[in-house]
Q: 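I have a structure I would like to understand better, so I am pasting it below and will then ask my questions one at a time.
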Amino acid sequence: MVDHKWIGKTYGPLKYEIGREKMREYAAAAKDNRPIYHDEEFAKTTKYGDIIGMPNFAAVYALRGAGMVLLDQEIKLNLAMLVHGAQEFEWFTVVKPNDVITETGKIADIYEKGNLDFVVYEGEARNQKDELVCRSRATFIIRGG
Amino acid sequence: MAELCGLKYEDVQVGQEIPSFTHQFDRMDAVIYAGASGDFNPIHTNPYFAKDVAMLPDVIAHGLFNMALLGKTVVDWIGDPGYLKKLSCQFRGMVIPGDTVIFKGKVREKLEGNLVVLDVWAEKADGSDVLKGGEATVYLP
């Protein structure tokens, strides 16, 4: 069982600088070659003015705190028995090259169901203008309690 | 200005299915996704580790890779990635090399403020779950 005293433990602030080629690399890895993710000349003809990150690129810039939970040496989750059970992203604006994202997060919940332990991470990513970009919620399941 | 979204809120019907996206998972997909995402867990990239240490049938796709293809499926429908407001799902079935996964969505509800909520999910060709209980919220002009 994971000690409930870790509910509320915070992670960050974690800075992440959005790189043009990293955005493209992520979109290509996710089999998405639409021009708004790759082609600056095309992007200039749209309201965005430059390429934008694929929404799911949030997996890179808005989940680093979740990675810290998994490696947290105070909590010591059993990684061999851990799976990513569920994920939620909510977006408020797009990301563009050179945006600087600051993520802050916390352990939002710890609970048990049968012999499964659930650990929920919630993170919030803001850009350099302090605009909310993305909220993420990751649920990890540890088998065997 | 090039318009990315060709859909109109009033043209969308509750119960309508969106075009599905089908992908056959290849072990290189996981290597490329590992590099792009920074998730180098060897259960996704190293078949010896996956089988002999993690006791899996083979390397498995990253859950977030499957979720990204689910996001792509919704964005293929709406056209403008900025109009995807929310996406969630549960990671259920493992996907191993050679598995074909079909990503699907269906309009559940139309809300005020030009928002549309969809049920979204992914399943293998045999109907088994990959991503379950998913929900997407999109804005449409």
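Chain naming here is simple, since letters A, B, ... match the order of the sequence lines and numbering starts at 1 in each.
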Q: Does anything in residues 24-38 of chain A reach chain B? List residues with heavy atoms under 4.5 Å apart, or say none.
A: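 So far as heavy atoms go, A:E25, A:Y26, A:A29, A:A30, A:K31, A:D32, A:R34, A:I36, A:Y37 are the residues that approach chain B to under 4.5 Å.
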Q: Verify whether the ring centers belonging to A:Y16 and A:Y61 lie closer than 6.0 Å.
A: no
Q: Could you state the interatomic distance from OG1 (B:T73) to NE2 (B:H23), rounded to the nearest 0.5 Å?
A: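 Going from OG1 on B:T73 over to NE2 on B:H23, the span is 11.0 Å.
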Q: Give the member of A:R135, A:M54, A:E88 that has the highest number of heavy-atom pairs under 4.5 Å with chain B.
A: A:E88
Q: May I ask you to name which of B:G134, B:G82, B:C89 has the most heavy-atom pairs under 4.5 Å with chain A?
A: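 When all of B:G134, B:G82, B:C89 are compared, B:C89 has the most.
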Q: Between A:V60, A:T45, A:V94, which residue shows the highest count of heavy-atom pairs closer than 4.5 Å to chain B?
A: A:T45
Q: Which bit of A:F57 comes within less than 4.5 Å of chain B, counting heavy atoms only: side chain, backbone, both or neither?
A: neither
Q: Please round to the nearest 0.5 Å and tell me the distance separating atom CD of A:E17 and atom NZ of A:K22.
A: 14.0 Å
Q: If you check every heavy atom in residues 35-50 of chain B against those of chain A, which residues fall under 4.5 Å?
A: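 Expected list: B:G35, B:A36, B:S37.
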Q: Is there a side-chain contact between A:I141 and A:L82, using heavy atoms and a 4.5 Å cut-off?
A: no
Q: For the atom pair CZ (B:F103) and CG (B:L70), what is the distance rounded to the nearest 0.5 Å?
A: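 Rounded to the nearest 0.5 Å, the CZ-CG separation comes out at 7.0 Å.
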Q: Just wondering, do A:Q87 and A:T139 contact through their side chains at under 4.5 Å, heavy atoms?
A: no
Q: Show the nearest heavy-atom pair for residues B:P81 and A:P55, with the distance to one decimal.
A: O-CG, 3.7 Å
Q: Is the cationic atom of B:K86 (NZ for Lys, CZ for Arg) positioned less than 6.0 Å from the six-membered ring centroid of A:F89 and within 45 degrees of its normal?
A: no
Q: Given ring-ring contact (aromatic ring centres under 6.0 Å, His included), test A:F140 with A:H84 step by step and report yes or no.
A: CA-CA 5 Å; A:F140 297 103; A:H84 194 170; 5.0 Å; yes
Q: Looking at every heavy atom in both A:A43 and A:I51, which two are closest together, and how far apart are they?
A: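 In terms of heavy atoms, the two residues are closest at CB-N, 3.5 Å.
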Q: Closest heavy-atom contact between A:Y48 and B:D80?
A: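 That closest heavy-atom pairing would be OH-OD1, 2.5 Å.
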Q: Checking B:L4 against chain A: side chain, backbone, both or neither under 4.5 Å from a heavy atom?
A: side chain
Q: Do you know which two heavy atoms are closest between A:N56 and A:W91, and how far apart they sit?
A: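 Smallest interatomic distance, heavy atoms only, reads N-CZ2, 4.0 Å.
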Q: Anything in residues 104-114 of chain B with a heavy-atom distance to chain A below 4.5 Å? Please list those residues in order.
A: none
Q: Say you draw a straight line from CZ of B:F91 to NE2 of B:H62; how long is it, rounded to the nearest 0.5 Å?
A: 11.5 Å
Q: In terms of heavy-atom proximity below 4.5 Å to chain A, should B:V75 be classed as side chain, backbone, both, or neither?
A: both
Q: Minimum heavy-atom separation for B:E135 and B:V120, please, with both atom names.
A: N-CG2, 3.5 Å
Q: Taking B:A2, B:G133, B:A34 one by one, which has the highest count of heavy-atom pairs under 4.5 Å against chain A?
A: B:A2
Q: Could you go through A:R143 and A:N115, starting from their C-alpha distance and side-chain angles, then the distance that decides it, and tell me whether this counts as side-chain contact (heavy atoms from CB on, under 4.5 Å)?
A: CA-CA 7 Å; A:R143 292 167 287 161; A:N115 67 341; over 6 Å; no
Q: Linking I/L/V/M/F/W/Y whenever any side-chain heavy atoms sit under 4.5 Å apart, do B:L56 and B:F65 land together?
A: no
Q: Would you say the side-chain atoms of B:K124 pair up with the backbone N or O of B:M94, donor to acceptor, closer than 3.5 Å?
A: yes
Q: Would you please go through residues 95-110 of chain A and name the residues with a non-hydrogen atom below 4.5 Å from one of chain B, in numerical order?
A: none
Q: Any chance you could measure A:L63, atom CG, to A:C134, atom SG, to the nearest 0.5 Å?
A: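 Spacing of CG (A:L63) from SG (A:C134) equals 8.0 Å.
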Q: Can you measure from CG (B:N66) to CZ (B:R92) and round to the nearest 0.5 angstrom?
A: 14.0 Å
Q: If we define contacts as heavy-atom pairs under 4.5 Å, which of B:D76, B:L69, B:L131 has the most with chain A?
A: B:D76
Q: Which heavy atom in A:A59 sits nearest to a heavy atom in B:Y33, and how many Å separate them?
A: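 Scanning both residues completely, I find the closest heavy atoms to be CB-OH, 4.0 Å.
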